[in-house]
Number of protein chains: 2
Amino acid sequence: MTRYDTAYLLERAWVDDALHDEVLVEVSGGRFSRVEVGGRVALDADPAPTRLAGITLPGLANTHSHAFHRALRGRTQRDRGTFWSWREQMYAVAGRIDPDAMFELARAVYREMAAAGITTVGEFHYLHHQAGGTPYEEPNLMGTLLVEAAREAGIRITLLDACYLAGGFGEPLEGVQRRFGDGDAERWALRVEALAKGVAGRDHARVGAAIHSVRAVPADQLRVVAEAAVGRPLHVHLSEQPAENEGCRAAYGVSPTRLLHDAGVLGRGTTVVHATHVDAWDVALLGVTGTTVSLCPTTERDLADGVGPALRLHEAGSPLTLGSDSQAVVDLFEEMRATELHERLATQRRGHWRAEQLLAAGVGGHASLGWDDAGRIAVGQRADLVTVDSRSVRTAGTGADAGTVVFAASAADVTHVVVDGWVLGREVGEVGRELDDVVGRLLS
Amino acid sequence: MTRYDTAYLLERAWVDDALHDEVLVEVSGGRFSRVEVGGRVALDADPAPTRLAGITLPGLANTHSHAFHRALRGRTQRDRGTFWSWREQMYAVAGRIDPDAMFELARAVYREMAAAGITTVGEFHYLHHQAGGTPYEEPNLMGTLLVEAAREAGIRITLLDACYLAGGFGEPLEGVQRRFGDGDAERWALRVEALAKGVAGRDHARVGAAIHSVRAVPADQLRVVAEAAVGRPLHVHLSEQPAENEGCRAAYGVSPTRLLHDAGVLGRGTTVVHATHVDAWDVALLGVTGTTVSLCPTTERDLADGVGPALRLHEAGSPLTLGSDSQAVVDLFEEMRATELHERLATQRRGHWRAEQLLAAGVGGHASLGWDDAGRIAVGQRADLVTVDSRSVRTAGTGADAGTVVFAASAADVTHVVVDGWVLGREVGEVGRELDDVVGRLLS
């Protein structure tokens with residue numbers, strides 16, 4: 001990585017929620033110090049601006065990641081089954097990950113993300129302890145390593161430290177799940193407080209909180225988590241599968257959304273992940289509280305979750321963000337278009353979302369991860385720039401507009417990535433070989 | 001392109017419907033003259049074999065293409081609508097294509113396909129005549145140009161010349177549709193006969209027949225087409241939209257499938273395209289007649305067609321092949337996995353198809369295009385080889401098996417393409433710039 005304290009002339013760039021031609025930006029101390037649409041370059045500018053051809057976006061935010069799931073890509077496709085049989089395979093990998101493997105795998109996956117134009121990742125982290133549940137000598141070893149992995153990959157991270165106390169409604173943790181548990185929400189909160197102290201002052205990292213799900217955190221513990229999370233982003237898996245709804249109704253007589261709402265979990269600082277199987281009342285509750293939704297379409301289709309009411313949630317008032325989740329695919333452009341295309345398959349109508357709305361979802365997730373100063377090309381914002389080739393074999397001839405980015409581009413079209421003013425320079429083939437080595441060692 | 005009359009040592013290759021390590025192949029006169037799994041290389045081999053790392057497949061067959069739709073990619077996503085409003089936009093482009101534009105656009109798209117590992121394309125061609133319907137001086141000018149475009153791109157083509165006589169059930173051709181029509185099936189057959197004579201002897205091309213759909217060919221003309229098509233591949237769009245079914249029942253009292261069957265259209269030499277909205281009786285008829293199905297999942301989701309019963313068709317006896325159709329995406333790996341993933345979204349279950357079956361669908365379409373001597377790495381077959389990088393940022397860590405190809409690879413992972421023994425050498429960035437220029441000129 002090379003430090004540039006410099007200027008760029010962007011052929012076309014996403015500024016103020018629209019694409020504009022010829023945008024001049026200057027970067028000082030890792031932030032934009034000047035942004036001028038149709039900007040003129042002084043003849044004697046020094047340094048002269050670097051011209052970036054194509055479409056330049058503010059960095060993409062991946063609001064839902066389980067880094068270690070990358071080891072499962074392509075490997076859970078053999079058998080018939082459901083989300084729940086997939087989970088057994090995921091647990092088998094979770095069971096064998098030690099701190100070294102976690103660090104190496106996460107660093108490689110974050111490098112894959114960086115190459116795909118992702119400049120902030122929300123890591124939903126629950127693999128806290130040793131086998132059997134004994135804490136590591138340093139109880140936040142795993143989380144600390146994830147933070148360090150992101151730093152080495154050159155991207156920002158919000159570590160969403162997940163509270164995971166139960167193996168299901170009224171069920172104890174079993175098997176590998178013991179690695180996830182802190183006993184109760186108070187102990188979880190103390191550990192997270194220590195983690196936050198350890199991370200304080202690191203410019204690339206934030207600590208957020210997570211409730212794994214209403215399956216994993218009993219109702220009487222939800223409020224403890226919500227209160228400990230005040231001032232931090234709070235994320236929670238919600239209604240990914242109908243079985244969660246059924247279990248929740250059987251245990252508490254209400255939907256998971258309602259249970260979360262009654263415990264004070266929903267609100268503007270909170271993000272629910274998936275929201276696939278929510279009903280009209282749930283949609284209204286999520287919308288009126290301004291709760292953000294993290295949709296993960298490529299995972300939701302891989303895991304046969306179904307097609308959720310993303311557009312209705314958006315219309316009700318819930319901002320949409322996007323996540324790569326299981327890493328079946330690391331490509332936020334694919335997540336953007338899948339949001340629309342899955343609704344087409346479900347409804348046999350086209351044009352639910354405008355391309356501009358989906359692009360905004362891809363860049364708009366930074367705030368839900370606690371980064372209010374990223375995700376826009378604007379003075380004072382962190383200087384993230386992601387340039388997409390608008391004349392590649394995939395994007396050529398599509399008009400170089402928001403439709404190009406959303407309906408034609410892929411992660412392979414990302415040609416230039418700047419994070420906090422730093423240019424990321426790793427060659428993507430190198431990242432592939434690193435991933436292959438790391439996963440090979442883990443599974444051998 | 002360089003002529004290689006030579007040998008390859010393939011790290012891993014698809015031979016006899018499975019992946020094998022270390023496959024030695026020799027190529028003479030454009031065909032495989034030796035294929036040996038675990039083959040040893042003589043120390044004094046001359047020329048020494050070229051080693052291809054990764055997973056090598058026989059060429060992919062794209063069984064359903066409308067080349068000129070490539071100009072629409074990314075451009076029909078603005079408005080709400082349906083398949084039918086999309087068709088208006090497609091017609092607007094169809095109306096302005098002249099022979100020069102057709103040739104340039106098709107050549108560029110076929111180069112995009114070649115770079116994606118497609119070695120045979122089935123071009124479903126209906127843009128036959130001048131505006132208003134006047135034939136060109138050479139009545140097969142457009143078809144001949146498509147054949148030439150494929151030759152220049154280095155891939156084989158089956159020109160599926162479509163009979164298109166009506167604008168709907170009982171409706172005349174209107175507007176741009178007049179460019180598609182020959183008046184009646186006899187005149188269509190005479191034109192196709194002349195085309196076939198013109199193409200005879202060209203090693204890279206075949207002429208096949210097509211019925212655009214039961215909307216476009218009246219029932220009393222179907223049998224004429226079917227009889228003229230004896231000995232040639234015959235393709236037909238089938239039940240892509242519910243409105244086709246409704247119109248067919250209103251006009252004839254039967255489903256489109258049944259209408260085709262009664263006219264002698266179905267059978268082993270015939271391929272139906274989409275078959276999205278077919279019922280259990282239709283599935284049985286298609287299966288028992290051994291009719292092939294060309295599924296086009298990325299187009300079917302783009303056009304909001306719905307999810308068809310692909311697995312039930314396969315189980316009933318219909319071989320599955322794959323097509324890029326509207327060119328929203330040119331990536332048969334994406335078509336392979338979408339076949340499974342769309343069934344997951346529709347059913348909330350995983351594992352309908354095995355990866356090996358989907359891979360076989362991607363390479364198995366050559367026969368349905370009249371090329372019985374392509375699509376397998378076997379002695380006597382045409383020497384097509386498509387190598388996929390199994391350690392790219394997308395494919396790394398996935399185990400280098402059929403799941404790697406189907407669930408992780410993309411067209412961007414194709415590193416080496418051989419067609420009929422010729423190595424295709426065009427740089428993919430160059431293809432993108434060509435596409436951008438061609439589409440830009442067409443739409444300006």
Side-chain angles (χ1 to χ4, degrees), chain A residues 70-71 73-75 77-83 85-86 112 115 242 300-307 328 330 340-342 344-352 354-355 389 391-399 401 403-404 406-408 410 412 428-429 431-436 438-440, chain B residues 70-71 73-75 77-83 85-86 112 115 242 300-307 328 330 340-342 344-352 354-355 389 391-399 401 403-404 406-408 410 412 428-429 431-436 438-440:
Chain A
R70 178 61 176 81
R73 184 184 298 176
R75 293 180 181 272
Q77 310 290 355
R78 297 233 136 249
D79 305 310
R80 294 183 183 254
T82 62
F83 170 90
S85 56
W86 168 85
E112 181 176 356
E300 289 151 13
R301 74 186 179 206
D302 189 90
L303 298 185
D305 292 335
V307 180
V330 172
E340 163 71 19
L341 296 175
H342 292 181
R344 292 188 191 177
L345 284 174
T347 62
Q348 296 176 38
R349 305 230 13 126
R350 309 177 85 231
H352 304 269
R354 284 181 298 107
D389 185 351
R391 299 179 78 201
S392 82
V393 74
R394 289 167 291 276
T395 58
T398 61
D401 61 11
T404 299
V406 172
F407 289 101
S410 85
V428 74
V431 178
R433 291 185 291 278
E434 179 184 346
L435 277 162
D436 209 58
V438 170
V439 176
Chain B
R70 177 62 177 79
R73 184 184 296 175
R75 292 180 182 272
Q77 311 289 356
R78 295 234 140 249
D79 306 310
R80 293 184 184 253
T82 63
F83 171 89
S85 55
W86 168 84
E112 181 176 357
E300 289 150 14
R301 73 187 178 206
D302 189 272
L303 298 186
D305 292 334
V307 181
V330 172
E340 163 70 18
L341 296 175
H342 292 180
R344 290 187 192 177
L345 284 175
T347 63
Q348 296 176 38
R349 310 249 343 144
R350 309 178 85 230
H352 303 269
R354 284 180 298 107
D389 185 351
R391 300 179 78 203
S392 81
V393 74
R394 289 167 291 276
T395 58
T398 61
D401 62 10
T404 299
V406 172
F407 289 102
S410 85
V428 74
V431 178
R433 290 186 291 278
E434 180 185 345
L435 277 162
D436 209 57
V438 170
V439 175

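Just so we're on the same page: letters track the sequence lines, and every chain starts at 1.
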- Given a strict heavy-atom distance threshold of 4.5 Å, which part of Thr82(B) is in contact with chain A: side chain, backbone, both, or neither? both

- Message: Less than 4.5 Å to any heavy atom of chain A: does that hold for the side chain of Val439(B), its backbone, both, or neither?
- Response: side chain

- Choice from Asp305(B), Val431(B), Thr404(B) maximising heavy atom contacts with chain A below 4.5 Å: Asp305(B)

- Pairs of heavy atoms under 4.5 Å with chain A: top-ranked of Arg433(B), Arg75(B), Arg70(B), His342(B): Arg75(B)

- Query: If you count heavy-atom pairs under 4.5 Å between each of Arg80(B), Gln77(B), His352(B), Arg301(B) and chain A, which one has the most?
  - Reply: Gln77(B)

- Would you call Arg350(B) and Asp302(A) a salt bridge, taking side-chain N to carboxylate O under 4.0 Å as the test? yes

- Message: Tell me which of these, Glu434(B), Glu340(B), Arg391(B), has more heavy-atom pairs under 4.5 Å with chain A than the rest.
- Response: Arg391(B)

- Can you find a side-chain donor-acceptor pair between Thr395(A) and Ser392(A) that sits under 3.5 Å? yes

- Are the side chain of Arg394(B) and the backbone of Asp389(B) linked by a donor-acceptor contact shorter than 3.5 Å? no

- Item | Contact class of Glu300(B) relative to chain A, heavy atoms under 4.5 angstrom | backbone

- Task: Name the option with the most non-hydrogen atom pairs under 4.5 Å to chain A; the candidates are Ser85(B), Ala304(B), Ala355(B).
- Result: Ala304(B)

- With sequence neighbours left out, the residues meeting salt bridge (Lys or Arg N to Asp or Glu O under 4.0 Å) with Arg354(A) are Glu356(A)

- Query: Of the listed residues (Ala71(A), Gly432(A), Gly429(A)), which shares the most heavy-atom pairs with chain B below a 4.5 Å separation?
  - Reply: Gly432(A)

- Message: Please identify, among Gly306(B), Ala115(B), Ala408(B), the residue contributing the most non-hydrogen atom pairs under 4.5 Å to chain A.
- Response: Gly306(B)

- How far apart are the closest heavy atoms of Arg73(A) and Ala328(A), and which atoms are they? NE-O, 3.3 Å

- Note on the structure: In terms of heavy-atom pairs under 4.5 Å with chain B, the winner among Leu303(A), Val438(A), Val330(A) is Leu303(A)

- Task: Considering non-hydrogen atoms only, spot the tightest contact between Ala396(B) and Leu435(A) and give its length.
- Result: CB-CB, 3.7 Å

- Item | Residues that Ala346(A) engages under side-chain contact (heavy atoms from CB on, under 4.5 Å), provided they are two or more places apart | Val307(A)

